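Read the structure below first, then the notes.
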Amino acid sequence: MRNAVIAAIAGALLGCGQTPAPPAGHAQKAMPDKTGSHEHDAEASKERAYHAQEHEEAAEAYADHRGRGHHKHHRFTNAAEWTAMFDSPERAAWQKPDEVVAALGLTPAMTVADLGAGTGYFTVRLAKAVPQGKVVANDLEPDMVKWIGERAAKEGLGNVVTVAGAPADPKLPEGLDVALMVDTYHHIDEPSQFFGKVRDALKPGGLLVIVDFKKDAPEDAPGPPAAMRVDDAIVAAHLQKLGLTHERTDRELLPYQYLVFMRKPG
Ligand SMILES: C[S@@+](CC[C@H](N)C(=O)[O-])C[C@H]1O[C@@H](n2cnc3c(N)ncnc32)[C@H](O)[C@@H]1O
């Protein structure tokens with residue numbers, strides 16, 4: 001039973017097309033031998049610059065590929081069907097939603113966006129974390145947005161507002177303190193335009209956190225197959241190109257997912 005539910009969640013969170021192969025040479029190169037700390041530092045710094053350049057090129061190729069519509073995926077049109085999977089109690093074992101929300105460092109009066117909010121799995125938790133603030137729940141699918149509105153009303157969460165976005169524009173209000181996107185980055189068809197709008201909606205100093213599946217998670221882990229997952233270094237490089245600062249990446253908190261923390265310069 002448990003395996004069936006996990007398999008169902010895995011299916012629900014499946015991506016839907018091929019992520020482009022990174023440019024040739026993207027694979028990690030072996031670090032040079034240590035020949036003394038000074039030389040080693042210089043070599044290590046060259047190596048970091050080299051990889052940063054590779055990630056930037058791969059991120060550009062990724063965004064370009066998505067923006068040209070090469071990657072088409074299924075849509076999430078029926079919230080009543082998806083809720084059994086997205087809101088399954090078993091999901092908490094690996095998704096650790098309370099730990100994810102805690103990692104955002106929210107204070108009670110903040111304005112937070114849940115990007116690609118689905119059936120509101122994170123929206124309702126965020127709403128409880130900002131009782132004097134507001135949660136803007138965004139999704140592409142009108143039925144998801146309607147579902148979240150009804151869910152928030154049922155759960156007595158008066159600080160949730162919903163926004164139906166477009167593929168290249170999440171249609172967010174300005175003045176966000178934090179924007180969270182969970183298991184959705186790999187679904188965004190127009191990532192450069194979409195995240196350009198997210199950057200503009202963040203306050204100076206605001207935080208964007210992307211949670212998505214590790215490229216090197218086991219093939220049978222929840223989420224899309226490895227070929228469709230987007231490496232966290234590609235996510236960071238892409239968002240850096242849009243003017244956000246890469247603060248840190250956490251690959252330890254969750255077993256199958258990373259958290260990439262990007263800050264809008266203050
Ligand atoms: C795998 S679900 C994740 C839902 C939710 N974040 C969660 O963790 O349960 C992906 C969601 O992203 C939405 N989505 C896909 N492209 C989008 C876009 N361009 N803008 C907003 N939402 C989008 C889908 O409609 C779907 O509800």
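Keep in mind that this is a model prediction, so the values were computed, not measured. One-based numbering, in listed order, for ligands and for the atoms of each.
A side-chain hydrogen bond (donor to acceptor under 3.5 Å, both in side chains) with Asp114 is found for one member of Thr184, Asn138, Thr123 and no other, namely Thr123.
Contact of the Tyr121 side chain with the Pro97 side chain is registered, since non-hydrogen atoms from C-beta on lie closer than 4.5 Å.
Short contacts between ligand 1 and Asn138, defined as distances under 4.0 Å to a heavy atom of the residue, involve ligand atoms 21 (C). Within the listing of ligand 1, atoms 1 (C), 2 (S) sit less than 4.0 angstrom from a heavy atom of Phe86. Distances below 4.0 Å separate heavy atoms of Ile188 from the following atoms of ligand 1: 16 (N), 17 (C), 18 (C), 19 (N). For ligand 1, the atoms closer than 4.0 angstrom to any heavy atom of Glu141 are 25 (O). For ligand 1 and Gly118, the ligand atoms under 4.0 Å from any heavy atom of the residue are 4 (C), 27 (O). The Asp183 neighbourhood of ligand 1 comprises atoms 1 (C), with distances under 4.0 Å to a heavy atom of that residue.
By the criterion of a heavy-atom distance under 4.0 Å, the side chain of Phe194, and not its backbone, is placed next to ligand 1. The backbone of Ala117, and not its side chain, has at least one atom closer than 4.0 Å to an atom of ligand 1 (non-hydrogen atoms only; backbone = N, CA, C, O).
Here's the thing with Gly116: one of its N/O atoms is less than 3.5 angstrom from an N/O atom of ligand 1.
When all heavy atoms of Arg248 and Ala103 are compared, the closest pair comes out as NH2-O, 4.2 Å. Nearest approach of Pro265 to Leu244, heavy atoms of both residues: CD-CA, 4.4 Å. Shortest non-hydrogen contact noted between Thr119 and Asp87 is OG1-OD2, 2.7 Å.
A salt bridge links Arg251 with Asp216: at least one charged nitrogen is closer than 4.0 Å to a carboxylate oxygen. Remark: Asp183 engages Arg91 in a salt bridge, criterion side-chain N to carboxylate O under 4.0 Å.
For the 3.5 Å distance criterion, the side chains of Glu141 and Asn78 fail to qualify, holding no donor opposite an acceptor.
When Arg75, Gln95, Arg91 are ranked by how near their heavy atoms come to atom 7 (C) of ligand 1, first place goes to Arg91. Looking at Leu140, Asp139, Asp114, Thr123, it is Asp139 that brings a heavy atom closest to atom 13 (C) of ligand 1.
Contact annotation: Pro167 has at least one heavy atom less than 4.0 Å from an atom of ligand 1.
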